[in-house]
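Structure in structure tokens, see below.
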Amino acid sequence: MTNAEQPIRVLAVDDDPMVLDLIRVMLKAAPDIELVATASDGDEVIGAVTAHHPDVVLMDVRMKRLGGIDATAALTKRPAAPRVIILTTFDEQEYVPRAMDAGAVGFILKSAASKALYDAIRDAHAGASPMSPQSVGHLRSGYLDGGGQSRGRARAMLEMLTDREREVAMLVAQEFSNPAIAKQLFLSESSVKQYVAAVQGKLGVEGRVGIATTVARAE
């Protein structure tokens, strides 16, 4: 991080003080990330965001007064809302599709290592959609149960893509990185980035999670 760059401002929301302490300790080791505030429940989120202007919010799912999904939905309706990463445990993965619909851009397990947490925050801030492998599976299975109307609409949206764009969308949904897609399709990485951006625009979705969601719904 250069002197001209500002650290990524993070708000952590969890009703478990031990989780907040762990996040605090982990983020101290990342010079480009700053934990600017914490909150212990979803009903504190709007006030904390207004007061501290975070770039990224780490959001717990289950809290006593207002759950993370409802808090995310309320937050993402606001102008210039921060990017929300949902903190989940293995037994909370069924919430992934609902959190995606509420406006979350990423999902990471609470048990993730420090590097995974840093990367998720950096990716979300950069406009990407970080997801744990477990979350991808639950996102796909959740939307496969979404009903005929959802599936039909998703298939119609994918039909709007060119053949190459559809190939890229399918590989994104399979968690291929841009370099891996480039190798698979014999393209340059810059071309892959352009295709991913074009797919997002045509589908009207945000980030790689949005693409994966549409593909999952269409299956």
Side-chain angles (χ1 to χ4, degrees), residues 1 6-78 81-139 141-142 175 207-209 212:
M1 184 177 66
Q6 297 298 317
I8 302 169
R9 298 172 62 84
V10 174
L11 165 68
V13 185
D14 200 294
D15 63 356
D16 186 339
M18 293 182 64
V19 172
L20 293 178
D21 286 344
L22 179 60
I23 292 173
R24 187 178 291 110
V25 170
M26 292 170 73
L27 295 188
K28 278 185 178 179
D32 60 330
I33 300 172
E34 179 184 2
L35 182 66
V36 296
T38 63
S40 60
D41 210 289
D43 60 0
E44 301 174 8
V45 169
I46 298 298
V49 168
T50 301
H52 299 283
H53 308 287
D55 302 302
V56 175
V57 176
L58 301 175
M59 184 81 76
D60 188 18
V61 174
R62 291 185 287 199
M63 292 178 280
K64 294 177 181 177
R65 297 188 299 273
L66 184 68
I69 294 175
D70 289 336
T72 297
L75 179 59
T76 55
K77 291 176 182 176
R78 295 166 58 90
R83 311 273 287 176
V84 178
I85 300 173
I86 298 293
L87 298 169
T88 67
T89 60
F90 281 107
D91 63 348
E92 293 176 335
Q93 292 287 295
E94 73 274 9
Y95 292 103
V96 169
R98 289 174 52 202
M100 175 67 192
D101 286 338
V105 302
F107 306 86
I108 188 168
L109 290 172
K110 289 184 180 181
S111 59
S114 298
K115 183 180 184 304
L117 180 61
Y118 304 156
D119 288 346
I121 292 170
R122 291 164 183 151
D123 288 348
H125 184 247
S129 302
M131 294 192 73
S132 67
Q134 296 85 358
S135 296
V136 172
H138 284 271
L139 176 67
S141 63
E175 301 179 75
R208 301 171 79 87
V209 173

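Just so it is clear, the model here is predicted, and its values are computed rather than measured.
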Is the closest side-chain heavy-atom distance between R65 and E44 below 4.5 Å?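 Yes - at least one pair of side-chain heavy atoms lies under 4.5 Å apart.
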
Nearest heavy-atom neighbours spanning A30 and R122: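 Scanning both residues completely, I find the closest heavy atoms to be CB-NH2, 4.2 Å.
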
Here the pair of heavy atoms bringing M26 nearest to A113 is CE-C, 3.8 Å

Taken in chain and number order and not counting sequence neighbours, the residues that satisfy side-chain contact (heavy atoms from CB on, under 4.5 Å) with A37 are L11, H52

With a 4.5 Å cut-off on side-chain heavy atoms, are V19 and D60 touching? no

**Asked** Quick one: does V13's side chain get under 4.5 Å of T38's, heavy atoms only?
**Response** no

### Heavy-atom side-chain proximity of V10 to I121 below 4.5 angstrom
yes

task: Take M59 and V45 through the test side-chain contact (heavy atoms from CB on, under 4.5 Å) and record every step on the way to the result.
output: CA-CA 9 Å; M59 184 81 76; V45 169; 4.0 Å; yes

| Quick one: does K110's side chain get under 4.5 Å of D14's, heavy atoms only? | yes

Rounding to 0.5 Å, atoms OG (S40) and CG (L20) come to a distance of 8.0 Å

*Shortest non-hydrogen contact from V105 toward A124*: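 Scanning both residues, the minimum pair turns out to be CG2-CB, 4.2 Å.
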
Nearest heavy-atom neighbours spanning P7 and I33: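 Taking P7 first and I33 second, the nearest heavy atoms are CB-N, 4.1 Å.
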
Minimal heavy-atom distance between A104 and I86, with the atoms involved, is CB-CG1, 3.6 Å

In short, A48 meets P54 closest at the heavy-atom pair O-CD, 4.4 Å

(message) Tell me which pairs pass side-chain hydrogen bond (donor to acceptor under 3.5 Å, both in side chains) where either residue lies in residues 66-78, with sequence neighbours left out.
(response)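 Found T50-R78.
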
| query | Can you list the residues that meet the side chain to side chain donor-acceptor pair (under 3.5 Å) rule with K28, with sequence neighbours excluded? | reply |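 Result, side chain to side chain donor-acceptor pair (under 3.5 Å) vs K28: none returned.
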
task = With side-chain contact (heavy atoms from CB on, under 4.5 Å) as the test, would you mind laying out the steps for L75 and V84 before giving the verdict?
result = CA-CA 9 Å; L75 179 59; V84 178; 3.8 Å; yes

Check: V57 and I85 side chains under 4.5 Å, non-hydrogen atoms: no

CD1 of I108 to CG of D119, rounded to nearest 0.5 Å, is 8.5 Å

Between R9 and D55, is the closest basic N to carboxylate O distance under 4.0 Å?
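Looking at R9 together with D55, the answer is no, because their closest N to O distance does not fall below 4.0 Å.
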
Separation between OG (S111) and CG (L87), nearest 0.5 Å, reads 10.5 Å

